[in-house]
Amino acid sequence: MAFELPDLPYAYDALGPYMSAETLEYHHDKHHQAYVTNGNNLLKDSGLEGKSLEEIVKESYGKNAGLFNNAGQHYNHIHFWKWMKPNGGGSSLPGALAAKIDSDLGGFDKFRADFIAAGTTQFGSGWAWLAMKDGKLVVMKTPNGENPLVHGATPLLGVDVWEHSYYIDYRNARPKYLEAFVDNMVNWDYVDELFQAAS
């Protein structure tokens, strides 16, 4: 299965002022495109051609670092674009997801604080996650292109804390970017779709 760069599900300027058109042009058109191009080159003769992207991510982990890095980032970014929407974010979540966050994570405010803390304390490049593991919601962080798939969990929401995701708009103020992501950009309907599928 060849990797393909998906179109953004909104205009480049749709997430302003929280994420600029310039950031999305570089992040989607250059960085994500590079993961697709490099991933396709590394997929050739890997023995994993024809597998699904999730299988490639899981099976290359710890065995084929180059392929894993690019396949992992391709997977992460396919979802990252869908995890955001104009006029998103906030604490108004679909009912079952809200109830699960209450029961597993101590309520929305605690989830928000823990998710922002995970992204802030991820040293260097990486991601912060809301994931489903063994039937429970967990907040996680991973380095580089890793994601919850390789840690026995299902990603439901992820935020990219590589500097190219926020430096144009926030410079070194990663916590401000993470606050803006949760409060103004998250597409909770897509998170809920993944939550329902994982439940």
Trainee: Between atom CG of D192 and atom CG of L93, what is the distance when rounded to the nearest 0.5 Å?
Mentor: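 D192 CG to L93 CG: 8.0 Å, rounded to 0.5 Å.
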
Trainee: Are W127 and L53 connected, step by step, through hydrophobic side chains (Ile, Leu, Val, Met, Phe, Trp, Tyr) whose heavy atoms are closer than 4.5 Å?
Mentor: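 Unlinked, W127 and L53 end up in two clusters.
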
Trainee: Kindly check if the number of other-residue, nucleotide or ligand heavy atoms within 6.0 Å of OH (Y26) is above 12?
Mentor: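 Atom OH in Y26 is not packed in, count stays at 12 or less.
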
Trainee: Is any side-chain heavy atom of D169 closer than 4.5 Å to one of E22?
Mentor: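 When only atoms from C-beta onward are counted, D169 and E22 do not touch, as no gap falls below 4.5 Å.
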
Trainee: I'd like to check Y170 versus E179 (side-chain heavy atoms, cut-off strictly below 4.5 Å). Are they in contact?
Mentor: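 Y170 vs E179: side chains apart.
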
Trainee: Donor-acceptor pair, W83 side chain versus H77 backbone, under 3.5 Å?
Mentor: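 Side chain of W83 to backbone of H77, a donor-acceptor pair under 3.5 Å: no, none is there.
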
Trainee: Have H27 and D160 got a donor and an acceptor in their side chains that come within less than 3.5 Å?
Mentor: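 A donor-acceptor contact under 3.5 Å links the two side chains.
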
Trainee: When clusters are formed by joining ILVMFWY residues with side-chain heavy atoms under 4.5 Å apart, either directly or through shared neighbours, do F195 and M185 land in the same one?
Mentor: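 Yes, F195 and M185 fall within the same hydrophobic cluster.
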
Trainee: So, taking the atom named OG1 in T37 and the one named CG in L42, what distance separates them when rounded to the nearest 0.5 Å?
Mentor: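 Answer for the OG1-CG pair, T37 versus L42, is 11.0 Å.
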
Trainee: For the NZ atom on K85, are there more than 12 heavy atoms of other groups (residues, nucleotides or ligands in this structure) within a distance under 6.0 Å?
Mentor: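 Yes, the 6.0 Å shell around NZ holds more than 12 heavy atoms from other groups.
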
Trainee: From T120 OG1 over to F115 CZ, what is the distance, rounded to the nearest 0.5 angstrom?
Mentor: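 The OG1 atom of T120 sits 10.5 Å away from the CZ atom of F115.
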
Trainee: Does any part of the side chain of L105, heavy atoms only, come nearer than 4.5 Å to the side chain of K110, both counted from C-beta?
Mentor: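 K110 does not reach L105 side chain to side chain.
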
Trainee: A side-chain contact here means heavy atoms from C-beta on lying under 4.5 Å apart; do N70 and L43 qualify?
Mentor: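 No, their side chains stay 4.5 Å or more apart.
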
Trainee: Does Y167 belong to the same Ile/Leu/Val/Met/Phe/Trp/Tyr cluster as V159, with side-chain heavy atoms less than 4.5 Å apart forming each link?
Mentor: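 Yes: a chain of side-chain contacts under 4.5 Å links Y167 to V159.
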
Trainee: Check whether more than 12 heavy atoms from other residues, nucleotides or ligands sit under 6.0 Å from atom OH of Y18, and answer yes or no.
Mentor: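 Counting other residues, nucleotides and ligands, OH of Y18 stays at 12 neighbours or fewer.
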
Trainee: Is there a path of hydrophobic side-chain contacts, each under 4.5 Å between heavy atoms of I, L, V, M, F, W or Y residues, that connects V36 with F80?
Mentor: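 V36 does not cluster with F80.
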
Trainee: For the backbone of L194 and the side chain of Q196, can you confirm whether one donor and one acceptor N or O come within less than 3.5 Å of each other?
Mentor: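 Checked: no pair found.
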
Trainee: Determine whether W129 and E146 satisfy the following criterion, side-chain contact (heavy atoms from CB on, under 4.5 Å), listing intermediate values before the conclusion.
Mentor: CA-CA 11 Å; W129 304 96; E146 272 184 38; over 6 Å; no

Trainee: Could you pull out the closest heavy-atom pair between A131 and M140, with the gap in Å?
Mentor: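 Result for this residue pair: CB-SD, 3.9 Å.
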
Trainee: With Y166 as reference, evaluate K176, R174, R171 under the side-chain hydrogen bond (donor to acceptor under 3.5 Å, both in side chains) test and give the passing residue.
Mentor: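 It is R174; the other options fail the test.
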
Trainee: Any link between Y35 and F3 through a network of hydrophobic side chains (Ile, Leu, Val, Met, Phe, Trp, Tyr) touching at under 4.5 Å?
Mentor: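 Each belongs to a different hydrophobic cluster.
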
Trainee: Parallel, tilted or perpendicular for H28 and W81, by the 30°/60° rule?
Mentor: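 Ring orientation, 0 to 90° scale: perpendicular.
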
Trainee: Is there side-chain contact between F181 and L157, with at least one heavy-atom pair below 4.5 Å?
Mentor: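 Yes, side chains in contact.
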
Trainee: Whether the side chain of N184 engages the backbone of G89 through a donor-acceptor N/O pair (distance < 3.5 Å, no angle test) should be reported.
Mentor: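 Not at all, since once roles are kept as given, no pair shorter than 3.5 Å links the two residues.
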
Trainee: Minimum heavy-atom separation for T154 to A198, with atom names?
Mentor: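 Closest pair (atom of T154, atom of A198, distance): CG2-CB, 4.1 Å.
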
Trainee: Flag the pair T142 / V150 as yes when at least one side-chain heavy-atom distance between them is below 4.5 Å, and no otherwise.
Mentor: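 Heavy-atom side-chain distance check fails, nothing below 4.5 Å.
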
Trainee: Whether the side chain of K133 engages the backbone of P148 through a donor-acceptor N/O pair (distance < 3.5 Å, no angle test) should be reported.
Mentor: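 The answer is no, because no donor-acceptor pair under 3.5 Å joins these two groups.
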
Trainee: Grab the two heavy atoms, one from V139 and one from A118, that are nearest each other, plus how far apart they are.
Mentor: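 Nearest pair, atom of V139 first, then A118: CG1-CB, 3.9 Å.
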
Trainee: For the atom pair CE (M19) and CD1 (I168), what is the distance rounded to the nearest 0.5 Å?
Mentor: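 Between atom CE of M19 and atom CD1 of I168 there are 10.0 Å.
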
Trainee: For the side chain of N64 and the backbone of S60, is there at least one donor-acceptor N/O pair under 3.5 Å apart?
Mentor: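 No, N64 side chain to S60 backbone: no donor-acceptor pair under 3.5 Å.
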
Trainee: Can you name the closest pair of heavy atoms from H32 and H74 and give their distance?
Mentor: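 Closest approach of H32 to H74: NE2-ND1, 2.9 Å.
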
Trainee: Using the six-membered ring wherever Trp is involved, compare the ring planes of F108 and W188 and label them parallel, tilted or perpendicular (cut-offs 30° and 60°).
Mentor: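 Because their plane-to-plane angle is over 60°, the rings of F108 and W188 count as perpendicular.
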
Trainee: Please test Y75 against I56 for side-chain contact (heavy atoms from CB on, under 4.5 Å), starting from the C-alpha separation and ending with a verdict.
Mentor: CA-CA 10 Å; Y75 175 94; I56 292 166; over 6 Å; no

Trainee: List the atom of G72, the atom of N147, and the distance in Å for their closest heavy-atom pair.
Mentor: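 The answer is O-ND2, 4.1 Å.
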
Trainee: From N187 CG over to H79 NE2, what is the distance, rounded to the nearest 0.5 angstrom?
Mentor: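 Rounded to the nearest 0.5 Å, the CG-NE2 separation comes out at 13.0 Å.
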
Trainee: CG of N144 to CH2 of W162: how many Å apart, nearest 0.5 Å?
Mentor: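 Reported value, rounded in 0.5 Å steps: 5.0 Å.
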
Trainee: Closest approach of L149 and P155, non-hydrogen atoms and distance?
Mentor: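 Taking L149 first and P155 second, the nearest heavy atoms are CD2-CD, 3.8 Å.
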
Trainee: Which pairs with one or both residues in residues 1-16 pass side chain to side chain donor-acceptor pair (under 3.5 Å), sequence neighbours excluded?
Mentor: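 Sorted pair list: Y12-D29.
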
Trainee: Do the non-hydrogen side-chain atoms of S199 and M132 ever get within less than 4.5 Å of each other?
Mentor: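 Yes; the side chains approach each other to less than 4.5 Å.
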
Trainee: Side-chain contact, heavy-atom cut-off 4.5 Å: Q73 with H31?
Mentor: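 Q73 does not reach H31 side chain to side chain.
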
Trainee: Without swapping roles, check the side chain of E193 against the backbone of D189 for a donor-acceptor pair under 3.5 Å.
Mentor: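 Between the backbone of D189 and the side chain of E193 there is no qualifying donor-acceptor contact (under 3.5 Å).
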
